[in-house]
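Notes follow the structure.
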Amino acid sequence: MDKANCWEHKECGRQPGGLREKELGVCPAAVTEKRDGKNGGHAAGRFCWKIAGTFCDGEVQGTFSQKMMSCAGCDFFKMVKSEEGADFEA
């Protein structure tokens, strides 16, 4: 079973070819290959809390330090943490 990436779980449409790509731009988490495979995701799709410029709660988020509090309460963050267990990379 494939693990859901953030854009799939949140249905934001900001992945390459997504429904909202032209309107909102491509999310950096969907194209950050440097983090590919973290927590079993594609690009930074399961590591989005560490990527500046992601789109959450209707607005672009800032740096990791600016957004970590909201990310820690995110349902997707909690799901990935639970699915990965001891292998979770924060």
Side-chain angles (χ1 to χ4, degrees):
M1 178 175 139
D2 288 338
K3 296 177 179 180
N5 291 293
C6 57
W7 57 87
E8 296 161 333
H9 181 80
K10 293 292 191 178
E11 299 178 348
C12 68
R14 289 190 65 209
Q15 72 276 21
L19 294 175
R20 300 186 75 196
E21 175 189 12
K22 287 186 172 136
E23 174 190 352
L24 301 172
V26 173
C27 179
V31 294
T32 304
E33 294 298 325
K34 184 174 159 183
R35 304 290 187 216
D36 192 49
K38 293 276 186 186
N39 296 315
H42 171 72
R46 289 175 62 87
F47 203 64
C48 51
W49 47 90
K50 289 278 184 132
I51 308 300
T54 57
F55 193 78
C56 304
D57 297 325
E59 59 187 60
V60 174
Q61 303 295 296
T63 65
F64 168 71
S65 61
Q66 293 170 323
K67 66 183 219 163
M68 193 54 214
M69 289 303 292
S70 64
C71 291
C74 173
D75 64 325
F76 180 71
F77 178 90
K78 291 176 184 178
M79 181 187 82
V80 173
K81 187 174 181 181
S82 173
E83 287 178 353
E84 297 305 310
D87 295 327
F88 177 70
E89 293 187 57

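Positions are given from 1 along the sequence. Since we're looking at a predicted model, the values are computed, not measured. Both backbone and side-chain heavy atoms feed into the values below; hydrogens, waters and symmetry mates do not.
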Check for a donor-acceptor pair, side chain of Arg46 on one end and backbone N or O of Ala4 on the other, with a separation under 3.5 Å. yes
Decide yes or no for Cys74 and Met79: does some side-chain heavy atom of the first lie under 4.5 Å from some side-chain heavy atom of the second? no
Verify whether one side chain among His9 and Asp75 offers a donor that lies under 3.5 Å from an acceptor in the other. yes
Please determine whether the number of non-hydrogen atoms from other residues, nucleotides or ligands lying under 6.0 Å from atom CG of Leu24 exceeds 12. yes
Return the orientation label for the Phe76 and Trp49 ring planes: parallel under 30°, perpendicular over 60°, tilted otherwise. tilted
Salt bridge (Lys or Arg N to Asp or Glu O under 4.0 Å) pairs, two or more places apart, involving residues 14-31: Arg20-Glu23
Counting only N and O atoms by type, is there a donor-acceptor contact under 3.5 Å from the side chain of Ser82 to the main-chain atoms of Lys78? no
Please report the closest heavy-atom contact between Ala52 and Pro28, naming both atoms and the distance. O-CG, 3.4 Å
Is there a continuous path of hydrophobic side-chain contacts, each under 4.5 Å between heavy atoms, that joins Val31 to Phe47? no
What is the distance from atom CD of Gln15 to atom SG of Cys6, rounded to the nearest 0.5 Å? 9.0 Å
The reported gap from CG in Asp2 to CD in Glu8 (rounded to nearest 0.5 angstrom) is 8.0 Å
Which pair of non-hydrogen atoms, one from Ala29 and one from Ile51, has the smallest distance, and what is that distance? N-CG2, 4.0 Å
In this structure, OG1 of Thr32 is separated from NZ of Lys50 (nearest 0.5 Å) by 13.5 Å
Would you give the length of the straight line joining atom CD of Glu83 to atom CG of Asn39, rounded to the nearest 0.5 angstrom? 9.5 Å
Which pairs count as salt bridge (Lys or Arg N to Asp or Glu O under 4.0 Å) when at least one residue sits in residues 24-40, sequence neighbours excluded? Lys38-Glu89
For the aromatic rings, using the six-membered ring if either is Trp, is the centroid distance between Phe88 and Phe77 under 6.0 Å? yes
